[in-house]
Undergrad: 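Here you go, one structure.
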Amino acid sequence: MTTLEKLSNWNIKGYQQDLLKWYDENKRDLPWRRERDPYKIWVSEIMLQQTKVDTVIPYYNRFMKFFPTVQALAEAEEETVLKAWEGLGYYSRARNLHKAVKEVQENYGGQVPAEKEEVHKLSGVGPYTAGAILSIAFNIPAPAVDGNVMRVLSRIFSIYDDISKATTRKRFESIVDEIISKENPSHFNQALMELGALICTPKSPACLICPVQEHCAARAEGVQELLPVKAKKSPPKKKQMKAIVLKDDAGRILIQQRPETGMLAKLWQFPNIEAEEVVEDYADLKKHLLFMGLQVDIFEKVHEVRHVFTHLIWEIDVYIGELKGMAREADLELASLRLVEKGDVDLYPFPVSHQKINDFVLKKGDF
DNA sequence: TAATCGTGGTG
DNA sequence: TCACCAAGATT
């Protein structure tokens with residue numbers, strides 16, 4: 001039976017009512033639900049991408065103190081924005097948001113556009129986020145299909161499409177187009193996601209207390225634990241790294257900015273290399289530094305840091321050492337290096353892996 | 001289409 | 001310890 005056939009004898013109105021009533025009575029009190037400022041909805045939606053509500057809340061509150069309006073964020077320095085995002089991950093979200101907010105300030109007089117084509121053009125705003133902004137902020141009946149929605153609807157209609165495939169989202173968007181409440185699309189979309197977060201969870205869904213259990217095909221068939229179908233991802237690969245905390249004769253610390261593209265773009269770090277083989281030696285590290293124009297004394301290995309990303313694992317041996325002589329300004333510039341006071345290291349946005357190094361060597365240690 | 005892009009929580 | 005997961009977008 002096709003989804004269309006399932007929908008023909010499926011109680012849309014009853015489903016909407018049961019879902020919306022449950023949402024009204026059970027929705028969480030979240031900071032971004034207390035207002036309907038499109039800018040604030042937008043920021044919350046970007047932060048919530050692949051990130052749990054509990055993780056986002058403190059970041060969201062702090063971000064709104066720093067950048068309460070489109071204008072405030074548009075006028076901020078990118079590095080300040082990255083610092084506010086530090087630890088939240090997926091840093092291209094911060095750079096894209098900042099870029100897009102500048103566009104809104106320039107091209108739309110600071111008002112977030114309420115048309116699908118315009119919103120979707122903004123950097124970092126894809127199909128889900130465009131739908132979320134339109135529906136939640138402007139109460140426009142547009143689908144906002146995220147992982148929650150695909151999981152819930154996979155079960156409601158007993159759909160076995162692989163939700164890790166890009167094309168699957170489109171099928172669910174067309175379903176939402178048919179079943180969305182035209183009276184309250186904002187609450188309907190949020191209710192679908194809230195149900196996925198609180199009741200229709202990935203493992204052990206709480207079908208017994210589900211407000212829409214009588215509308216659910218997977219529940220009727222007893223296959224709720226088998227849905228949704230999702231392809232497995234390959235395990236992350238390990239990379240051996242060596243990093244060094246270097247001090248010059250004035251006691252300043254050497255840090256380095258990462259490239260503009262790729263992983264952790266534009267964040268700062270301690271100078272490091274990827275070691276092809278595991279060698280208990282720092283000759284390769286020393287050679288790398290010399291290549292950047294730096295003569296150093298490496299003292300000892302003081303720490304190990306392990307950090308797991310989605311698709312790779314860094315295993316970092318951490319060394320300490322000292323710069324010999326005066327580094328040439330041009331050499332530092334060329335390698336995106338900077339000498340900063342020990343107390344100023346915290347002013348720069350670091351990935352968590354290098355925050356760990358900072359914590360151990362400079363804060364806990366006596367280096 | 002499939003890989004890339006972070007981090008923290010959970011069972 | 002580890003596999004899996006979370007209000008995805010970009011290339």
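In what follows, chains carry the letters A, B, and so on, assigned in the order in which the sequence lines appear, proteins first and then strands, with residues in each chain numbered from 1. This is a predicted model, so every value here is computed, not measured.
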Undergrad: Looking at the side chain of A/Q49, which of B/dC5, C/dA6, C/dG8 is the nearest nucleotide?
TA: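 For A/Q49, the side-chain atoms sit closest to C/dG8.
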Undergrad: Closest approach to the side chain of A/N96, judged atom by atom: which nucleotide of C/dG8, C/dA7, C/dT10 is it?
TA: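 When the side chain of A/N96 is considered, C/dT10 is the closest of C/dG8, C/dA7, C/dT10.
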Undergrad: Can you tell which of C/dA7, B/dG6, C/dA6 lies closest to the side chain of A/R93?
TA: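 Nearest to the side chain of A/R93 among the choices is B/dG6.
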Undergrad: Across the strands shown, which category fits A/T310 at heavy-atom distances under 4.0 angstrom: base, sugar-phosphate, nothing?
TA: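 The answer is base, as A/T310 lies within the cut-off (heavy atoms under 4.0 Å) of a base atom.
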Undergrad: Kindly point out which of B/dC5, C/dA7, C/dC4 is positioned nearest to the side chain of A/K232?
TA: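 Of the candidates, C/dC4 comes closest.
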Undergrad: Identify which nucleotide among C/dA6, B/dG6, C/dT10 has an atom closest to any side-chain atom of A/K52, counting heavy atoms from C-beta outward.
TA: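 Of the candidates, C/dA6 comes closest.
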Undergrad: Which comes earlier along DNA chain B counting from the 5' end, the contact point of A/K165 or that of A/K203, where each point is its nearest nucleotide?
TA: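 The residue closer to the strand's 5' end, by nearest nucleotide, is A/K165.
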Undergrad: Roughly how many Å apart are B/dG8 and C/dT1, using the C1' atom of each and rounding to a whole number?
TA: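 Rounded to whole Å, the distance is 16 Å.
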Undergrad: Does a distance-only test, which skips hydrogens and angles, find a donor-acceptor pair under 3.5 Å between the side chain of A/T51 and the base of B/dG6?
TA: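 Donor-acceptor pair under 3.5 Å: yes.
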Undergrad: Report yes if at least one side-chain N or O of A/S123 is closer than 4.0 Å to OP1 or OP2 of C/dT10; otherwise report no.
TA: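 So the side chain of A/S123 is outside the cut-off, no N or O lying under 4.0 Å from OP1 or OP2 of C/dT10.
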Undergrad: For A/P127, answer base if it contacts any base atom (sugar-phosphate contacts may also be present), sugar-phosphate if it contacts only those atoms, and nothing otherwise; contact means non-hydrogen atoms under 4.0 Å.
TA: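 Touches sugar-phosphate only.
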Undergrad: Which comes earlier along DNA chain C counting from the 5' end, the contact point of A/P236 or that of A/S92, where each point is its nearest nucleotide?
TA: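 Upstream on the strand: A/P236.
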Undergrad: Establish, from distance only, whether the side-chain atoms of A/E118 and A/Y108 form a donor-acceptor pair under 3.5 Å.
TA: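 Judged by distance alone, the side chains do pair up.
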Undergrad: Between B/dC5 and C/dA6, how far is it from one C1' atom to the other, in whole Å?
TA: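 Taking atom C1' in both B/dC5 and C/dA6, they lie 14 Å apart.
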Undergrad: Between B/dT1 and C/dT11, how far apart are the C1' atoms? Round to whole Å, please.
TA: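 Per the computed distance, 11 Å lies between those C1' atoms.
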Undergrad: Just to be sure I understand the rule, does A/L30 reach a base, reach only the sugar-phosphate, or reach nothing, if contact means heavy atoms closer than 4.0 Å?
TA: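 Base, at least one base heavy atom under 4.0 Å.
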Undergrad: Is any side-chain N or O of A/H311 closer than 4.0 Å to OP1 or OP2 of B/dT4?
TA: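 Result: no.
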Undergrad: For A/S44, answer base if it contacts any base atom (sugar-phosphate contacts may also be present), sugar-phosphate if it contacts only those atoms, and nothing otherwise; contact means non-hydrogen atoms under 4.0 Å.
TA: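 Nothing, no heavy atom under 4.0 Å.
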Undergrad: Base, sugar-phosphate alone, or nothing: which one does A/A166 contact when heavy atoms must sit under 4.0 Å apart?
TA: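 The answer is sugar-phosphate, as A/A166 gets under 4.0 Å only of primed atoms, P, OP1 or OP2.
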Undergrad: Less than 4.0 angstrom between a side-chain N/O of A/Y90 and OP1 or OP2 of B/dT4, yes or no?
TA: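 For A/Y90, the contact criterion (side-chain N or O under 4.0 Å from OP1 or OP2 of B/dT4) is not met.
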Undergrad: With a 4.0 Å cut-off on heavy atoms, is A/T167 in touch with a base, just the backbone sugar-phosphate, or nothing at all?
TA: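 Here A/T167 touches the backbone only, sparing every base.
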Undergrad: Ring centroid separation for A/Y59 and A/F63, is it under 6.0 angstrom?
TA: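 Not under 6.0 Å, so no.
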Undergrad: Counting only side-chain heavy atoms from C-beta out, which of B/dT7, C/dG8, C/dA7 sits nearest to A/Q50?
TA: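 The closest nucleotide is C/dG8.
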Undergrad: Over all strands shown, is A/G87 touching base, sugar-phosphate only, or nothing at heavy-atom distances under 4.0 angstrom?
TA: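 Answer is sugar-phosphate: A/G87 comes under 4.0 Å of backbone atoms only.
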Undergrad: Please tell me whether A/L48 and A/F188 are part of a single hydrophobic cluster in this structure, the criterion being side-chain heavy atoms less than 4.5 Å apart.
TA: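 In one cluster: no.
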Undergrad: Could you measure between the two C1' atoms, the one in C/dC4 and the one in B/dG6, and give it in whole Å?
TA: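 Those two atoms are separated by 15 Å.
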Undergrad: With the threshold set at 4.0 Å, does a side-chain nitrogen-carboxylate oxygen contact exist between A/E194 and A/K27?
TA: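 Result for this pair is no, no salt bridge flagged.
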Undergrad: Heavy atoms only, 4.0 Å cut-off, all strands: where does A/W32 land among base, sugar-phosphate and nothing?
TA: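 Base: the residue A/W32, judged by heavy atoms under 4.0 Å, touches a nucleobase.
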Undergrad: Measuring centre to centre across the rings, with the benzene-like ring taken for any Trp, is A/W10 within less than 6.0 Å of A/F157?
TA: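 Yes.
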Undergrad: Is any side-chain nitrogen or oxygen of A/H307 closer than 4.0 Å to OP1 or OP2 of B/dT7?
TA: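 Affirmative; the distance criterion is met.
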Undergrad: Categorize A/R28 for me: base, sugar-phosphate, or nothing, with a 4.0 angstrom heavy-atom threshold over every strand shown.
TA: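 Touches a base.
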Undergrad: Kindly point out which of C/dA7, C/dC5, B/dT7 is positioned nearest to the side chain of A/V352?
TA: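 Looking only at heavy atoms from C-beta outward on A/V352, the closest nucleotide is B/dT7.
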Undergrad: Any salt bridge linking A/K230 with A/D161? Criterion: basic side-chain nitrogen under 4.0 Å from a carboxylate oxygen.
TA: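 Not counted as a salt bridge, because no side-chain N and carboxylate O are separated by less than 4.0 Å.
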